[in-house]
Amino acid sequence: MSIISNSTASAIKDAASSLMSGNLVAFPTETVYGLGADATNEDAVARIYSVKGRPTGHPLIVHISSIDHLGKWAKDVPEYALKLARSFWPGPMTLILPRTYLAKDIITGGQDNVGIRVPSHFIALALLREFEAQGGLGVAAPSANRFGKVSPTSAQDVEFELGRCLFHDDKILDGGFSNIGIESTIIDCTNSNPVVLRPGAITNYMISMVIRNESELNSLGNLNKPIKAPGLLPSHYSPNARVLLNVTPQVGYGMIAYRKILTPKGVTRLASPANNEEFARHLYRALRTADFMSIKNVSIFTPQGDDIAVAINDRLMRICN
Ligand code: TXA
Ligand code: MG
């Protein structure tokens, strides 16, 4: 495995050819780092599952460079989904849509729908464009962490999580820290109304502004069918440390809270975000730091608001379970 720290055209070309040859390429996105494979190569996709230690049956998101390629992977796309795609792609949003024959069971977990995303990170987009120029159709990429663990927000995190399991010809593209820091908003678009399956940086308010009819938008709370996204398992995204919410930290604890909240004596401050965007950007890195420092307990004072705070609190609930 090699870590590629330059994003020259020739480095991106090599990485795309590597994907075309069936190798794995981890790459930066604006949300978190993904572990990529040619989505049409069943052996390469099977390696994603083994490298992550992820049980099969968990569907993967297919990444494409533009809405122009959507029709290859998805059909019967409702008008509201097109509106969302036009508004928020490239960006931190995944749409679940009825699949075409290209999206095999190994991608969809045997379901008749497929998750599609156009990321906005310039390295991700350059890689996807080059991959498509070489004849590729889409890159399957889950977050590049071991199953159930914290998503990586830097190339070093990916190396730490998966380095031992990657092969000689696999690569990690280094694009610095992910700007958003938590995973994309997932929206189920297989019914007449959109349903948010996983909150993210694209908020319910942003979605309703595009769809204009707020009553069309359901959230997870009033979902009356089985949830199809295993990343929504009650327990997920877990560091080694025990995470406690809104509990005064004791001596020896780690602490994550808004900047204005003071750190008690004997407590290690892991992050001091000034706002909710910074909270999201620093959360996973701070949890990793706690593990590196062998801190056993981390007290997190939860963020407030109906913006990305909703997604942060969603992840915090799962971390604590
Ligand atoms: O921000 C992100 O979405 C990152 C970057 C790399 O794009 N990817 C990511 O992938 O978080 P992953 O596999 O770690 O989480 C995707 C979630 C999983 O819970 C999966 O079950 C769900 O999306 N998912 C994917 N395809 C689906 C489908 N067809 N139907 C329902 N859920 C799906
Ligand atoms: Mg994940």
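Counting convention: from 1, in listed order, for ligands and their atoms alike.
Polar contact with ligand 1: absent for T108 (N/O pair, distance under 3.5 Å). Residue H63 has at least one nitrogen or oxygen atom sitting less than 3.5 Å from a nitrogen or oxygen atom of ligand 1, judged on distance alone. The N/O atoms of S184, backbone and side chain alike, include one that comes under 3.5 Å of an N/O atom in ligand 1. Remark: ligand 1 and R198 share an N or O pair separated by less than 3.5 Å (distance only, no angle test).
Under the side chain to side chain donor-acceptor pair (under 3.5 Å) rule, R99 has a single partner from T190, T108, D76, which is T108. Remark: of the listed residues K149, R288, R146, R288 is the sole one forming a salt bridge (charged side-chain N to carboxylate O under 4.0 Å, His left out) with E161.
Here the shortest heavy-atom pairing between Y253 and S299 reads CD2-CB, 4.4 Å. Between Y80 and D188, the shortest heavy-atom distance links the atoms OH-O, 3.9 Å.
Within ligand 1, the atoms closer than 4.0 Å to a non-hydrogen atom of I61 are 3 (O), 8 (N), 9 (C), 10 (O), 16 (C), 25 (C), numbered from 1 in the order shown. Of all atoms in ligand 1, numbered sequentially from 1 with element shown, those under 4.0 Å from a heavy atom of G34 are 6 (C). Atoms of ligand 1 lying under 4.0 Å from any heavy atom of S143, numbered from 1 in the order shown and given with element: 8 (N), 9 (C), 10 (O), 12 (P), 14 (O). Within the listing of ligand 1, atoms 29 (N) sit less than 4.0 angstrom from a heavy atom of V114. Ligand-side atoms of ligand 1 in range of Q111: 28 (C), 29 (N), 30 (N), 31 (C), range being under 4.0 angstrom from any heavy atom. Interface atoms of ligand 1 facing E183, defined by a heavy-atom separation under 4.0 Å, are 1 (O), 11 (O).
Among the backbone and side-chain atoms of S151, no N/O/S atom is found under 2.8 Å from the Mg ion (ligand 2).
Other residues, nucleotides and ligands place no more than 12 heavy atoms under 6.0 Å from the CG atom of L262.
Using a non-hydrogen distance threshold of 4.0 Å, N113 registers as a contact of ligand 1. Not close to ligand 1: H58, with no non-hydrogen atom less than 4.0 angstrom away. For R54, the closest heavy-atom approach to ligand 1 falls below 4.0 Å.
Between R117 and E30, at least one side-chain nitrogen of the basic residue sits less than 4.0 Å from a carboxylate oxygen of the acidic one, meeting the salt-bridge criterion.
There is a side-chain donor-acceptor pair under 3.5 Å between E183 and S151. Donor-acceptor pairing under 3.5 Å is recorded for the side chains of T263 and R269.
With a 6.0 Å cutoff to the six-membered ring centre and a 45° limit on the axis angle, R47 counts as a cation-pi contact of F167.
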